[in-house]
Amino acid sequence: MSRFPAQEAGPPVLLVHGFASDGHTDWITTGWPAALTAQGRRVIVPDLPGHGSSPAPKDATAATAKAMLDELARAVGNVSEVDVIGYSLGARLAWDLPTLLPVRRMVLGGISPVEPFGALDLTAVMAFTTGGKLSADPLTAAISRMISAPGRDPIALCRCIEGLRVEPFAPTALDLPVLFVRGEEDPISQGIETLVDLVPGSELVVVPGDHGGCLRGARFKAAALEFLEA
């Protein structure tokens with residue numbers, strides 16, 4: 001986990017990365033902590049269980065959404081307020097963080113309105129990581145390639161998938177300011193409007209790019225920084 005101190009001109013900001021990535025890849029290399037500390041914000045950049053520098057979960061029970069949320073709450077610690085920016089899986093997890101932390105504002109980018117792992121053939125994913133054939137199912141094939149990329153731990157990530165499937169994403173209404181961001185060419189966040197409807201007064205910003213391009217693009221960052229300054 002990385003922490004970036006600042007002059008405390010506002011609540012600290014928790015950055016929650018996406019599946020099969022890590023805090024360094026999603027946030028640090030794309031300049032988010034530098035931009036936030038320039039605004040006087042302290043920044044917290046954890047790695048989710050099974051990702052980056054975090055230990056691999058010993059089994060699926062250590063990688064459920066609840067287990068990951070508990071780890072995020074521990075990373076933040078005792079604060080009076082916190083702002084949260086989550087992307088993809090990070091946004092899905094962030095949705096439930098207000099039950100554990102005093103969240104002031106949230107930015108949710110690249111979030112899917114449906115459970116992304118529910119239709120996945122996990123047996124085929126695990127087989128591919130041990131030399132098996134790539135599934136003909138596009139989603140299963142995409143996840144198989146994702147978790148087998150260099151530097152990733154396929155076994156740990158399969159446990160994460162297994163754990164997350166135990167508690168499917170079932171969003172309920174939120175009562176706090178939320179900014180939604182989706183890439184105009186991002187198939188993962190198609191239908192995000194159904195989530196926007198669950199948060200009265202929330203905003204939706206559509207920016208250029210696909211799932212990865214949205215996160216790396218300047219428009220997402222600019223919109224998030226402006227929203228958190230309020």
Side-chain angles (χ1 to χ4, degrees), residues 4 10-39 41 43-46 48 51 65 68-69 72 76 81-98 101 103-116 142 146 169-230:
F4 298 82
V13 182
L14 172 69
L15 303 179
V16 191
H17 66 79
F19 176 71
S21 188
D22 54 72
H24 186 269
T25 300
D26 276 6
W27 303 116
I28 297 174
T29 63
T30 51
W32 284 81
L36 287 161
T37 55
Q39 289 187 338
R41 298 297 196 95
V43 182
I44 304 163
V45 189
L48 294 171
H51 296 71
M68 292 191 181
L69 286 164
L72 291 172
V76 173
E81 284 185 318
V82 63
D83 287 339
V84 180
I85 305 176
Y87 198 76
S88 198
L89 172 61
R92 169 211 168 157
L93 294 170
W95 193 283
D96 292 321
L97 272 176
L101 292 170
V103 179
R104 184 187 73 111
R105 288 181 162 244
M106 286 203 301
V107 179
L108 304 178
I111 185 171
S112 171
V114 298
E115 169 53 52
M146 189 182 297
F169 184 43
T172 55
L174 293 175
D175 185 21
L176 76 162
V178 176
L179 173 67
F180 291 90
V181 183
R182 68 170 297 261
E184 59 186 354
E185 300 170 21
D186 179 14
I188 291 176
S189 56
Q190 289 285 344
I192 195 173
E193 293 80 6
T194 62
L195 298 178
V196 177
D197 290 343
L198 290 174
V199 190
S202 61
E203 304 173 47
L204 171 61
V205 175
V206 180
V207 302
D210 57 12
H211 197 63
C214 171
L215 176 61
R216 295 188 295 270
R219 289 275 299 280
F220 178 22
K221 190 182 302 174
L225 294 175
E226 180 180 0
F227 178 75
L228 294 186
E229 278 192 308

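The first residue in the sequence is number 1, and the count goes up from there. Atom set for the values below is all heavy atoms of this structure, side chains included, hydrogens, waters and symmetry mates excluded.
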- Within-4.5 Å side-chain heavy-atom neighbours: Leu36 and Leu228: yes

Please tabulate, one pair per line, all N/O donor-acceptor pairs under 3.5 Å involving side-chain atoms of residues 105-114, not counting sequence neighbours.
residue, atom, partner, partner atom, Å
Arg105, NH1, Phe227, O, 3.0
Ser112, OG, Val114, N, 3.2
Ser112, OG, Val114, O, 3.0

- Approximate separation, where rounding is to 0.5 Å, of Thr25 OG1 and Leu215 CG: 10.0 Å

- Task: Would you check if Phe169 and Leu195 make a side-chain contact, meaning some heavy-atom pair closer than 4.5 Å?
- Result: yes

- Could you grab the distance from atom OG1 of Thr29 to atom CG of Asp26, nearest 0.5 Å is fine? 7.5 Å

- Taken to the nearest 0.5 Å, the spacing of Asp175 CG from Leu198 CG works out to 12.5 Å

- Which atoms form the tightest heavy-atom contact between Leu179 and Ala223, and what is the distance? CD2-O, 3.6 Å

Side-chain atoms of residues 10-20: list all donor-acceptor pairs with protein atoms under 3.5 Å, sequence neighbours left out, distances to 0.1 Å.
residue, atom, partner, partner atom, Å
His17, NE2, Leu48, N, 3.0

- Close side-chain approach of Trp27 to Val43, heavy-atom, < 4.5 Å: no

- Contacts of type side-chain hydrogen bond (donor to acceptor under 3.5 Å, both in side chains), residue Asp186, not counting sequence neighbours: Ser189, His211

- Roughly how far apart are Tyr87 OH and Leu93 CG, rounded to 0.5 Å? 15.0 Å

- Arg219 versus Pro208, closest heavy-atom pair with distance: NH1-CD, 3.7 Å

- Message: Rounded at 0.5 Å granularity, tell me how far CZ in Arg92 sits from CE in Met68.
- Response: 8.5 Å

- Message: Within a 6.0 Å radius of atom CD on Glu184, are there more than 12 heavy atoms belonging to other residues, nucleotides or ligands?
- Response: yes

- Any idea which heavy atoms bring Phe220 and Cys214 closest together, and the distance? CB-O, 3.3 Å

- Can you tell me if Lys221 uses its side chain to pair, donor with acceptor, with the backbone of Thr30 under 3.5 Å? yes

- Task: Please name the pair of heavy atoms, one in Thr172 and one in Trp95, separated by the smallest distance, quoted to 0.1 Å.
- Result: O-NE1, 2.9 Å

- Per the side chain to side chain contact (heavy atoms under 4.5 Å, CB included) rule, which among Val205, Val206, Val196 passes with Phe180? Val196

